[in-house]
Amino acid sequence: MSDTNDLINLFPEDDAVPDDFRHGPVTEQRDYLVNGEIRQWPGALLPVVSPVCLRQGTHVEPVLLGHTPRLDSRTAMQALDAAVAAYDNGRGAWPQMSLSRRIDRLEHLLAFMREQQASLVCGLMWEVGKRLEDARSEFDRTCQYIADTIAELRRPNQRDDTVAAEKGTLAHVRRRPVGVVLCMNPYNYPLYETFTTLIPALAMGNSVVFKPSRFGVLLLRPFLAAFQRLFPAGAINVIYGKGRETVGALLASGKVDLFAFVGTYRGAMSLSRLHPHPHRLRHVFGLDAKNPGIVLPDADLDNAVRECLAGTLLFNGQRCTALKLLFVHESVVNDFLEQFCRGVDAMKAGMPWESGVTLTPIPEPGKIGYLNELVADAKAKGASVINRGGGDHGASLFRPAVLYPVNPLMRVYQEEQFGPVIPVVPYADIDDVIEYVTDADFGQQMSIFGRDPVAVGHLVDHCLSQVGRINLNVQCQRGPDTLPFKGRKDSAEGTLSVSDALRVYSTRTLVATRLDEGNRKLVGDVVRNDQAGSPDVTSIL
Ligand code: G3H
């Protein structure tokens, strides 16, 4: 493992960056959104540095893209207080607005987003190193998610808004917002993970404080003005800065009703336990995952290799759903590894806009050091890097390291690498794999590669209670968004899909009475006067 010139040479000189994909001038962002006002932060700033470097000869320099405000806890609290006031115990303009008017605002937001396509895609490439086709796909799936949410909101039977006559009781059941939602997104999907949280939270009438991740942050700046224009003051507030200097105070105040967080289990726990009334705080968490890929002796190896390559290495393995540990039966492990390493060696590294690249610069500054540590630890305990140039690095580029044979004593067997290191464990007895899945702290997804229904069924039976999704002969993934996305154990809290998310960010409440003619008329009159949207009740009232 070494810093290698061939990787350094992949970084472009300034004039080699295509005109269509040049980043704009350095942005000194001081603005943040509180209570419908775009305010200017006079204090310290945080630099936003691209994983993409520019080269002069043999020297490479990361590109400074701009700065964002390093808000303090007092300013973050102003955002939270604005959200609390806007919610006004459920009596605020946004939670009281009719569903059709809320949908109208979301449609305008979607139209605005569509206008931003070019700058958002470019921002994803420069800020998080996402390759062009994945940046475009993230943009498209985010727009689709918003469109699907709007369609879902329009389906009357999905609104849980109903009047029911049940066993002598007349009840008007409605979905109401939860209250004030604090949203924090991850850097790997700055657009998609942001809006799959914000949209259902806002759609259901909650007010929101949103703090973007430290990478993939400048690209969201145009939304400040759109949020200001489309939503009542305080319904959405956007803050910036370091988590421990801002978000801790918000949770400690006890004023947050729902904490939506995608990140590490440790981060989620240390923040949520600051809330003085933990039982009142709802969670929507997407946390660590160590998804195994399990190759059975009769697997279609061509397919297994193809899916494992994509599953481990798309976006350099920086996906929560990436395959992070491969178990391969000893009878096929040599053939598998030969093909797999050939596939890894054929992967092109380069800049995000270059055609045919898979491996791109990595945004987290400490990540390459961490990956080196995992590789060194595994080597010291008996594994080798078995692919050509595996573990070589140059500035922010890291050539994937396939580690074999990996055993439970190695850090990479337990830790979520979230990067291009692929540990391969040979196994003889499937019960050893089942034991790993059962004992693991995390249980998001797994992939099984095999054809024998008895063997596959045996594994499915044992693992269904351990993970949120079992994928057969395909890599792990979140989509399509109409299916539930969840995790078991320490991997997640809450089930997300387009329709499930609307439930997660709301709660059902009811007004109930004894069923008689007087009450029937009373409930009917109340429902007809309800400003926030009434169900079709003619059949009952
Ligand atoms: O990183 C977590 C993403 O939500 C996973 O989405 O499976 O489509 O990459 P993906």
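Worth knowing before you read on, the calculation uses all heavy atoms, side chains too, and leaves out hydrogens, waters and symmetry mates. One-based numbering, in listed order, for ligands and for the atoms of each. As the structure is a prediction and not an experimental result, all values here were calculated from the model.
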[atom] - nearest protein heavy atom and its distance:
{"atom": "atom 5 (C) of ligand 1", "result": "Thr321 OG1, 3.5 Å"}
{"atom": "atom 9 (O) of ligand 1", "result": "Tyr189 OH, 2.4 Å"}
{"atom": "atom 6 (O) of ligand 1", "result": "Arg478 CB, 3.4 Å"}
{"atom": "atom 2 (C) of ligand 1", "result": "Cys320 SG, 2.2 Å"}

[X] and [Y] ion-paired at < 4.0 Å:
{"X": "Glu245", "Y": "Lys242", "value": "no"}
{"X": "Arg136", "Y": "Glu133", "value": "no"}
{"X": "Glu127", "Y": "Arg221", "value": "no"}

Within 45° cone of Tyr189 ring axis and under 6.0 Å: Lys130 NZ or CZ: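 The answer is yes; both the distance and angle limits are met.
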Side chain of Ser447, backbone of Cys476: donor and acceptor closer than 3.5 Å?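 Pair found, side chain donor or acceptor close to backbone of Cys476.
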Between Arg141 and ligand 1, which part of the residue brings a heavy atom under 4.0 Å of the ligand: side chain, backbone, both or neither?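 Only the side chain of Arg141 comes within reach of ligand 1.
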Out of all atoms in ligand 1, which are within 4.0 Å of some heavy atom of Glu193? Include the element for each.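 Answer, ordered by atom number: 2 (C), 3 (C), 4 (O).
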Between ligand 1 and [X], is the shortest N or O to N or O distance under 3.5 Å?
{"X": "Asn188", "value": "yes"}
{"X": "Cys476", "value": "no"}
{"X": "Gln477", "value": "no"}

Measure centre to centre between the rings of Phe210 and Phe223, then say whether the value is under 6.0 Å.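 No: the rings miss the under 6.0 Å criterion.
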Atom SG of Cys341 and atom OH of Tyr404: how far apart are they, to the nearest 0.5 Å?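 Rounded to the nearest 0.5 Å, the SG-OH separation comes out at 11.0 Å.
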